[in-house]
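This one's a predicted model, so the numbers in the text were calculated from it and none came from an experiment.
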Amino acid sequence: MPHRKHRYAVIALAAAGIVGLGWVAYNANRAPGGPQAPAAAGAKAGGAGAPAAPLPVETALAAPQSITDEAAAVGTLRSNESVVLRPETAGRIASIGFKDGVPVARGTVLVALDAATQEAELQQAKANHALAVTNFKRTEELLAKKFISQQSLDTTAANLKVQEAAVALAEAKLAKTRIRAPFAGVVGIREVSVGDYVKEGADLINLEDIRTLKLDFRLPELYLSRLQKGQAVEVSVDALPNQAFKAVLDAVDPLVDANGRAISLRARLDNPELKLRPGMFARVRLLFGNRDGVLMIPEQAIVSGGGKQTVFRIEEGKAKKVEVKTGLRRNAQVEILSGLAAGDRIITAGQLKVQDGSPVKAVDTATQPTQEA
């Protein structure tokens, strides 16, 4: 009996303890710090969605400009006429009729070969021709008197023509011993001397007509529809800095190079003071005219990727990614054909950290692109 009473007492104490613990927990949950704890945690977690600080970027305005529409290229100057004189017959040089590097007139005998043999052959041919003429006249007289037949006259006439041809041949051989200037120009530096024996085809001297020069250069095929003879060309050479020379487009090759998709062009320019020389490296500007209202932006604003060209335009403090179509490039500026309008503010530096819709803040702003000189 006493044991049973003791057991009941333990159960009662345990139950009282459980009730006490429940009361303490109930009061703890009703305390001011308890119910607000989850809300505070939620507020802390929600801090990640707060507005981000604007990214600093440099900007510029897309502004219309007046530009000279042109195409740039490099080319090579060439003589208007150029030839390396070579003899058509072998022989020993008898005389040289020029000084190195001086102008000569057309027809000037530049090199004369020993022509003793050719002169003798010409004298022989002339003697035979004179005899043939005499025989022909005598035959005509005999035929008039009916002393000979017509056939004899025909034979004599044929022989006369043969002798005339022999004289012409001898004269041609003699002429080939005289190397003449085929056009007016400037001779080069000779490498032969009087007394040298030269074979037919050997190089004697070069002759260059440089009072007018040709300029050969190439342009991409996209310019084909805009090319026409007579267009103005501006030429400069590194050897003569700060000087520009005027030329005119003279020819457009009808064939487009299939390898480089380029067109071969030739311009012509006067060179009366002989400042320019064949073989010079030349920088070329082919002028198409002036264009007004061309929308230009700094070249560094363009972002290329995925086969597209884009820029970031600022709209209400945020970056807006815009695809653009570009045209010519000049002086670190690029033409915008579509995608932007005059007055649009675009990002020129810092765009690599910007995403579409990112808040941005303009710093060190350029109000307008650099004007072209």
Practice problem: Answer yes or no: is there a donor N or O on one side and an acceptor on the other, between the side chain of K214 and the main chain of N80, under 3.5 Å? | Solution: yes
Quiz item: Tell me, do L219 and L227 make a side-chain contact under 4.5 Å, heavy atoms counted?
Solution: yes
Quiz item: Within a strict 4.5 Å, meaning less than it, do heavy atoms of the I336 and T326 side chains meet?
Solution: yes
Quiz item: How long is the gap from OG1 on T139 to CD on Q150, to the nearest 0.5 Å?
Solution: 10.5 Å
Quiz item: For Y223, which residues count as a ring pair (Phe, Tyr, Trp, His ring centres under 6.0 Å) partner, sequence neighbours excluded?
Solution: F288
Quiz item: Judged by atom type as modelled, is there a donor-acceptor pair below 3.5 Å linking the side chain of D196 to the main-chain atoms of S193?
Solution: yes
Self-check item: Ionic contact status for D114 with R92, cut-off 4.0 Å
Solution: no
Quiz item: Does a side-chain N-to-carboxylate-O contact under 4.0 Å join D253 and R266?
Solution: no
Self-check item: Charged N-O contact under 4.0 Å between K176 and E88
Solution: yes
Self-check item: Residues K246 and D270 bridged, charged N to O under 4.0 Å
Solution: no
Quiz prompt | L213 side, atom CG; E208 side, atom CD - distance, nearest 0.5 Å | solution = 10.0 Å
Quiz item: Any side-chain donor-acceptor pair under 3.5 Å between R345 and T59?
Solution: yes
Quiz item: What's the spacing between D154 CG and S149 OG if we round to 0.5 Å?
Solution: 8.5 Å
